[in-house]
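Report on the following structure.
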Amino acid sequence: HVQLVESGGGSVQAGGSLRLSCAFDAYTPANVRMAWFRQAPGKEREGVAAIYTYGGVALDTYYADSVKGCFDISRDNAKSTVYLQMHSLKPEDTAMYYCATDHHYGGSCDWSDFGYWGQGTQVTVSS
């Protein structure tokens, strides 16, 4: 049973920064993708950042166009944690942020078919 626990959400003014954390228990397929999604009220859930590992080594990162240059995803295997560093936050970044993981088969970024999800952490950006 894979468990993901997000933390680090909160309220911040526009232009500010937050770092979200996703602690995961041992999930050790050779090829794993971990991603951050967000869902704002009345909107569909969207993938914002993903990190792919190959043989346990994090090699590829992907970002939604809306967050490129402002968000940075990283993974610390020693701490079993994935981070989402968010800079230059805007009110439209306000959403519940979720961490998700599953295996992958290589190729380009795939935002679908994530089997494991955390409970989410709220991010609120005020103008």
Side-chain angles (χ1 to χ4, degrees):
H1 179 67
V2 179
Q3 285 193 316
L4 304 172
V5 180
E6 302 97 333
S7 62
S11 297
V12 64
Q13 289 191 326
S17 299
L18 281 174
R19 188 178 77 161
L20 306 183
S21 300
C22 173
F24 57 90
D25 60 7
Y27 180 54
T28 57
N31 299 328
V32 172
R33 52 190 172 135
M34 297 199 73
W36 287 95
F37 290 77
R38 67 185 180 186
Q39 188 166 21
K43 294 188 177 181
E44 291 187 356
R45 185 173 61 197
E46 64 169 338
V48 294
I51 187 164
Y52 277 45
T53 63
Y54 296 82
V57 179
L59 291 179
D60 292 334
T61 56
Y62 302 92
Y63 298 93
D65 288 343
S66 58
V67 305
K68 279 181 182 177
C70 295
F71 288 13
D72 181 37
I73 188 170
S74 61
R75 174 179 173 137
D76 186 333
N77 286 337
K79 297 182 178 179
S80 297
T81 301
V82 170
Y83 301 100
L84 184 68
Q85 179 69 55
M86 305 184 292
H87 300 288
S88 303
L89 285 162
K90 309 175 185 69
E92 51 264 42
D93 294 316
T94 295
M96 185 70 80
Y97 283 71
Y98 299 90
C99 180
T101 190
D102 214 312
H103 61 276
H104 70 82
Y105 300 102
S108 58
C109 182
D110 181 3
W111 296 108
S112 65
D113 297 326
F114 279 82
Y116 306 101
W117 293 83
Q119 293 300 307
T121 185
Q122 177 68 37
V123 172
T124 302
V125 184
S126 59
S127 58

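Remember, predicted model here, so these are calculated numbers, not experimental data.
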May I ask whether Leu18 and Phe71 are part of the same hydrophobic cluster, defined by side-chain heavy atoms of I, L, V, M, F, W, Y residues being less than 4.5 angstrom apart, directly or through others? yes

Just wondering, do Tyr62 and Arg33 contact through their side chains at under 4.5 Å, heavy atoms? no

For a 4.5 angstrom cut-off between non-hydrogen side-chain atoms, does Asp72 reach Tyr83? no

Can you label the angle between the Tyr52 ring and the Tyr54 ring as parallel, tilted or perpendicular, going by 30° and 60°? tilted

Would a 4.5 Å heavy-atom cut-off, applied to side chains only, mark Arg38 and Leu84 as touching? no

Answer whether the closest heavy-atom distance between the side chains of Met86 and Val123 falls below 4.5 Å. yes

Can we call the ring centroids of Phe37 and Trp117 under 6.0 Å apart? yes

Grab the two heavy atoms, one from Ala64 and one from Trp111, that are nearest each other, plus how far apart they are. N-CZ2, 4.5 Å

Any side-chain heavy atom of His104 within less than 4.5 Å of one from Asp110? no

Which pair of non-hydrogen atoms, one from Tyr98 and one from Gly120, has the smallest distance, and what is that distance? CD2-CA, 3.6 Å

With the 4.5 Å side-chain cut-off for hydrophobic clustering, are Val82 and Tyr116 part of the same group? yes

One pair to check against side chain to side chain contact (heavy atoms under 4.5 Å, CB included): Asn31 and Tyr105. What are the steps and the verdict? CA-CA 7 Å; Asn31 299 328; Tyr105 300 102; over 6 Å; no

